[in-house]
There are 2 protein chains.
Amino acid sequence: MDKNSSSLDLKKAGLKVTLPRVKILELLENSKDRHMSAEDVYRALLDADADVGLATVYRVLTQFEAAGLVTRHDFDGGKKIYELDTGESHDHIVCVKTGEVAEFRDEIIEKRLLEIAEELGYELTDHKLVLYGVAKAKS
Amino acid sequence: MDKNSSSLDLKKAGLKVTLPRVKILELLENSKDRHMSAEDVYRALLDADADVGLATVYRVLTQFEAAGLVTRHDFDGGKKIYELDTGESHDHIVCVKTGEVAEFRDEIIEKRLLEIAEELGYELTDHKLVLYGVAKAKS
DNA sequence: CTAGGTGCAAACATTTTGCATGGTT
DNA sequence: AACCATGCAAAATGTTTGCACCTAG
């Protein structure tokens with residue numbers, strides 16, 4: 001019953017349960033790297049002997065985003081990065097040396113952003129915050 | 001002596017003073033919209049009867065970025081957006097309806113970001129913060 | 001069975017690069 | 001004069017789309 005959870009999520013999202021969609025969703029759920037580009041997903045599927053076309057990967061990821069299953073980021077500029085949407089909004093910190101991505105959520109920031117938008121005369125709908133830094137050696 | 005300031009900036013940045021570079025820098029300094037894509041710059045130059053190739057626009061903007069004269073953003077994902085670097089780091093708020101971009105700087109945020117990076121074991125080198133919202137009717 | 005999904009390849013959009021020519025110091 | 005910058009067109013990315021075939025409900 002491995003695919004059951006994925007199937008349920010798909011149905012809940014109003015998407016027909018097809019093989020490519022299940023495979024992609026499972027991949028996103030199980031992959032160690034939560035942040036993947038369409039190309040990453042495509043290659044991972046190939047490695048897993050799943051025969052899914054690149055165009056389908058793009059289409060499915062787009063549908064997943066529309067359905068709220070995944071979130072899209074444009075960290076650097078080259079590619080679009082997708083990650084499973086856990087419901088918990090969070091921000092990212094990227095190591096400029098290794099490219100590794102970590103996540104965090106900070107209430108002080110969240111609260112202040114609301115205030116700032118208010119002060120500027122906007123109703124805040126979303127935000128995107130990425131920190132860039134060098135990971136320091138751990139003591 | 002309109003071009004003098006631009007020329008000086010270019011020299012200070014260690015760039016040879018050429019016509020395309022001067023024109024592009026002046027454009028960025030004088031344009032009402034501080035945020036422009038390479039295509040935007042290219043078309044504005046065409047409109048001004050400046051005969052600069054698109055490839056040169058890309059090259060010059062890249063050099064300007066390397067020289068610290070401009071900053072690059074990837075607001076949505078499609079295109080890369082450039083803006084003059086005023087030295088004052090600031091963040092952006094984008095109206096999801098009109099696409100208009102406003103700028104702000106908030107010390108509470110700046111301070112907190114440093115703390116967060118520290119807590120996560122990073123030395124902060126940069127950050128990117130974009131708020132998305134709907135501009136409310138002004139009373 | 002029927003609507004919608006998929007794969008492939010071609011089309012697109014944006015950015016980069018090779019090369020011969022031209023401009024700046 | 002020497003060197004680097006430019007323009008053009010071709011190539012390289014990354015993403016989207018048209019169309020014939022296939023599959024889930």
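Numbers restart at 1 for each chain; the letters A, B, ... are given by sequence-line order, proteins then strands. Predicted model, so just to flag it, every value in this text is computed and none were measured.
Ring geometry, A/His73 versus A/His92: the interplanar angle exceeds 60°, so the pair is classed perpendicular (tilted spans 30 to 60°).
Rounded to a whole Å, the CZ atom of B/Arg21 is 11 Å from the C1' atom of C/dG23. As rounded to whole Å, 19 Å separates atom P of C/dT14 from atom NE2 of B/His73. In this structure, A/Tyr42 atom OH and C/dG7 atom C1' are separated by 10 Å, rounded to whole Å. One atom, CG of B/Asp40, and another, P of C/dA13, lie 16 Å apart when rounded to the nearest Å. The distance from atom CG of B/Asp74 to atom P of D/dT13 is 18 Å, rounded to the nearest whole Å. Counting to the nearest Å, the C1' atom of D/dC21 and the CG atom of A/Asp51 are 15 Å from each other. Separating the CG atom of A/Leu10 from the P atom of C/dG4 is a distance of 17 Å, rounded to the nearest angstrom. What separates CG of A/Leu61 from C1' of D/dG14 is a distance of 13 Å, to the nearest Å.
Ion pairing between B/Arg112 and B/Glu115 holds under the 4.0 Å rule for side-chain N and carboxylate O.
Minimum interatomic distance between B/Leu124 and B/Ala117 (heavy atoms only, all atoms of both residues): CB-CB, 3.8 Å. Of all heavy-atom pairs between A/Tyr132 and A/Phe75, the closest is OH-O, 3.0 Å. Between B/Glu123 and A/Lys136, the shortest heavy-atom distance links the atoms N-CG, 4.1 Å. Considering every non-hydrogen atom in both B/Leu131 and B/Leu129, the closest pair reads CD2-CD1, 3.9 Å.
If one axis is set at each end of the helix from C/dC1-D/dG25 to C/dT25-D/dA1 from five pairs, those axes are 40° apart, to 10°.
Scanning for salt bridge (charged side-chain N to carboxylate O under 4.0 Å, His left out) contacts around B/Glu110 gives B/Arg105, with sequence neighbours left out.
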Kindly give the atom pairs (protein nitrogen or oxygen, nucleotide nitrogen or oxygen) under 3.5 Å for nucleotides 15-19 of chain C.
from: C/dT15; atom 1: OP1; to: B/Lys80; atom 2: N; distance (Å): 2.9
from: C/dT15; atom 1: OP2; to: B/Tyr58; atom 2: OH; distance (Å): 2.3
from: C/dT15; atom 1: O5'; to: B/Tyr58; atom 2: OH; distance (Å): 3.3
from: C/dG18; atom 1: O6; to: B/Arg59; atom 2: NH1; distance (Å): 3.3

I'd like a table of atom pairs between the protein and nucleotides 23-25 of chain D - only N or O on both sides, under 3.5 Å - with the distance next to each one.
from: D/dA24; atom 1: O3'; to: A/Val17; atom 2: O; distance (Å): 3.4

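For A/Glu103, the CD atom counts as densely surrounded, since its 6.0 Å shell holds more than 12 non-hydrogen atoms of other residues, nucleotides or ligands.
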Can you list, pair by pair, the side-chain donor-acceptor contacts under 3.5 Å of residues 38-45 of chain A, counting residues two or more places apart and other chains?
from: A/Asp40; atom 1: OD1; to: A/Ser37; atom 2: OG; distance (Å): 3.4
from: A/Asp40; atom 1: OD2; to: A/Ser37; atom 2: N; distance (Å): 2.9
from: A/Asp40; atom 1: OD2; to: A/Ser37; atom 2: OG; distance (Å): 3.1

Atom pairs and distances, side-chain donor-acceptor, residues 56-68 of chain B, under 3.5 Å, sequence neighbours left out:
from: B/Thr62; atom 1: OG1; to: B/Tyr58; atom 2: O; distance (Å): 2.8
from: B/Gln63; atom 1: OE1; to: B/Arg21; atom 2: NH1; distance (Å): 2.7

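Judged by distance alone, with hydrogens and angles left aside, the side-chain atoms of B/His90 form a donor-acceptor pair with the main-chain N or O of B/Glu88 at under 3.5 Å.
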